[in-house]
Amino acid sequence: MRGGTTANRMEYVTWGDGRRTLLFLQGSPTSSVPSGMWASMRQRYFRPYVEAGYAVWMVTRPRGMPRGHSVADLAEDHAGFIGEYLGGRVDLLLGESFGGMVAQYLAGLHPSSVEHLGMVASGFEVSDWTKDVDRRLAAAVERRDRTSAGAAFAEYLLPSPRLERLRRLGGPLMAKPLLASPHYPPEDVVVEMEAEVACDTRPVLPRIEAPTVLVAGGRDQIFTGEIVEETAALIKGCRLVWLSGKGHVATCTSAKVGGEVLGFVEARGAHGRSTA
């Protein structure tokens with residue numbers, strides 16, 4: 001695993017040295033390069049791509065983002081990264097959750113930079129429930145309220161109203177990566193949450209030219225079935241793969257994702273861009 005930092009403070013790490021390039025855009029809140037146990041988990045997650053001949057690049061969002069930095073702005077940041085570090089084009093752009101929203105803008109606004117597009121547990125916008133959690137999380141982080149910030153963060157993982165007391169009891173511990181991380185400032189968490197709430201990628205989806213596969217969970221409360229179906233319908237030739245019974249996190253971490261994405265790319269490789 002190798003890594004570095006760009007001039008605008010985007011950190012990156014790479015696995016493998018294959019001839020094809022894969023750029024992975026991670027979800028939110030926060031983005032960081034993996035270390036320790038998380039690095040081992042990511043290495044296992046990316047192993048199918050490395051074995052398939054890809055050099056995998058995982059990049060964070062810029063540090064110290066200005067207030068109002070949008071998902072479209074983040075797409076421009078990543079387009080600049082592709083131009084500076086990856087020769088202006090990636091063989092596979094893979095976006096997870098919030099990273100998938102950035103990937104949609106990137107593929108739509110910079111079609112020559114993306115050969116294939118893969119998305120996991122993502123869509124044109126997040127659900128109304130998620131927007132409510134995002135707003136509460138952003139407000140709690142901004143006022144440095146550890147209990148409320150951690151409780152809101154835990155709600156993504158434990159959404160049942162019956163677990164509210166448990167979420168608040170564990171709030172201070174859950175808030176630690178949001179308020180006390182040495183890797184990114186809390187202000188960036190607020191910017192990301194506000195960008196996610198405001199995001200609606202539908203205007204740019206018909207402009208995506210890259211063959212696209214979207215892997216979605218049948219029980220995802222963040223990107224619901226209606227949102228996913230509409231997203232896929234707006235992207236020319238998009239292949240939609242459902243992982244039945246899986247929620248958001250289970251979809252993102254599923255061992256089936258690599259096979260579905262790679263199978264789609266290999267099947268389309270001989271045919272190039274979608275003309276459907």
For atom [atom1] of [X], is the number of surrounding heavy atoms from other residues, nucleotides or ligands below 6.0 Å larger than 12?
{"X": "Arg219", "atom1": "CZ", "value": "no"}
{"X": "Arg165", "atom1": "CZ", "value": "no"}
{"X": "Arg2", "atom1": "CZ", "value": "yes"}

[X] side-chain N/O to [Y] backbone N/O, donor-acceptor pair under 3.5 Å:
{"X": "Ser254", "Y": "Ala250", "value": "no"}
{"X": "Glu125", "Y": "Ile227", "value": "no"}
{"X": "Asp220", "Y": "Gly247", "value": "no"}
{"X": "Arg20", "Y": "Ala52", "value": "yes"}
{"X": "Thr231", "Y": "Phe124", "value": "yes"}
{"X": "Thr60", "Y": "Glu11", "value": "yes"}
{"X": "Glu194", "Y": "Gly68", "value": "no"}
{"X": "Ser127", "Y": "Thr130", "value": "yes"}
{"X": "Arg239", "Y": "Pro211", "value": "no"}
{"X": "Arg89", "Y": "Ser112", "value": "yes"}

Side-chain touch [X]/[Y], heavy atoms, less than 4.5 angstrom:
{"X": "Leu74", "Y": "Met65", "result": "yes"}
{"X": "Thr30", "Y": "Pro177", "result": "no"}
{"X": "Ser122", "Y": "Met101", "result": "yes"}
{"X": "Phe98", "Y": "Val71", "result": "yes"}
{"X": "Ser70", "Y": "Tyr105", "result": "no"}
{"X": "Phe223", "Y": "Leu214", "result": "no"}
{"X": "Leu22", "Y": "Trp57", "result": "no"}
{"X": "Arg202", "Y": "Leu234", "result": "yes"}

What's the spacing between [X] [atom1] and [Y] [atom2] if we round to 0.5 Å?
{"X": "Asp188", "Y": "His69", "atom1": "CG", "atom2": "NE2", "answer": "9.5 Å"}
{"X": "Met174", "Y": "Leu157", "atom1": "CE", "atom2": "CG", "answer": "5.0 Å"}
{"X": "Thr251", "Y": "Leu243", "atom1": "OG1", "atom2": "CG", "answer": "5.5 Å"}
{"X": "Glu209", "Y": "Leu117", "atom1": "CD", "atom2": "CG", "answer": "12.0 Å"}
{"X": "Leu94", "Y": "Met119", "atom1": "CG", "atom2": "CE", "answer": "10.0 Å"}
{"X": "Phe81", "Y": "Arg61", "atom1": "CZ", "atom2": "CZ", "answer": "13.5 Å"}

ILVMFWY network linking [X] to [Y], side-chain heavy atoms under 4.5 angstrom:
{"X": "Leu137", "Y": "Leu169", "value": "no"}
{"X": "Leu163", "Y": "Val249", "value": "yes"}
{"X": "Val50", "Y": "Val33", "value": "yes"}
{"X": "Val133", "Y": "Leu158", "value": "yes"}
{"X": "Leu173", "Y": "Val141", "value": "no"}

Pair His248-Gln221, side chain to side chain contact (heavy atoms under 4.5 Å, CB included): steps then yes or no
CA-CA 7 Å; His248 188 74; Gln221 291 183 265; over 6 Å; no
Start with the C-alpha distance between Val59 and Tyr85, add both sets of side-chain angles, then the distance that settles side chain to side chain contact (heavy atoms under 4.5 Å, CB included), and finish with yes or no.
CA-CA 11 Å; Val59 62; Tyr85 289 88; over 6 Å; no
Considering all heavy atoms, the nearest [X]-[Y] contact:
{"X": "Phe264", "Y": "Thr212", "answer": "CZ-O, 3.3 Å"}
{"X": "Trp129", "Y": "Pro159", "answer": "CZ2-CB, 3.6 Å"}
{"X": "Met193", "Y": "Ala138", "answer": "CB-CB, 3.9 Å"}
{"X": "Ala210", "Y": "Val114", "answer": "CB-O, 3.6 Å"}
{"X": "Thr21", "Y": "Asp91", "answer": "N-OD2, 2.8 Å"}
{"X": "Gly16", "Y": "Ala55", "answer": "O-CB, 3.8 Å"}

Quick check, are the ring centers of Phe24 and Tyr49 under 6.0 angstrom apart?
no
Any chance you could lay out the side chain to side chain contact (heavy atoms under 4.5 Å, CB included) test for Val197 and Arg135, step after step, and finish with the verdict?
CA-CA 8 Å; Val197 168; Arg135 291 187 184 101; 3.5 Å; yes
Glu196 and Ser28 side chains, donor-acceptor separation under 3.5 Å:
yes
Arg168 side chain to Thr147 side chain, donor-acceptor N/O pair below 3.5 angstrom
no
Arg63 bridged to Glu192 by N-O distance under 4.0 Å
no
With a 4.0 Å cut-off, would you call Arg136 and Glu155 a salt bridge?
yes
Test log, rule salt bridge (Lys or Arg N to Asp or Glu O under 4.0 Å), inputs Arg144 and Glu187
CA-CA 10 Å; Arg144 303 300 191 268; Glu187 291 80 5; 2.8 Å; yes
Would His78 and Val90 count as a side chain to side chain contact (heavy atoms under 4.5 Å, CB included) if you check the C-alpha gap in whole Å, the side-chain angles of each, and the deciding distance to 0.1 Å?
CA-CA 11 Å; His78 288 83; Val90 293; over 6 Å; no
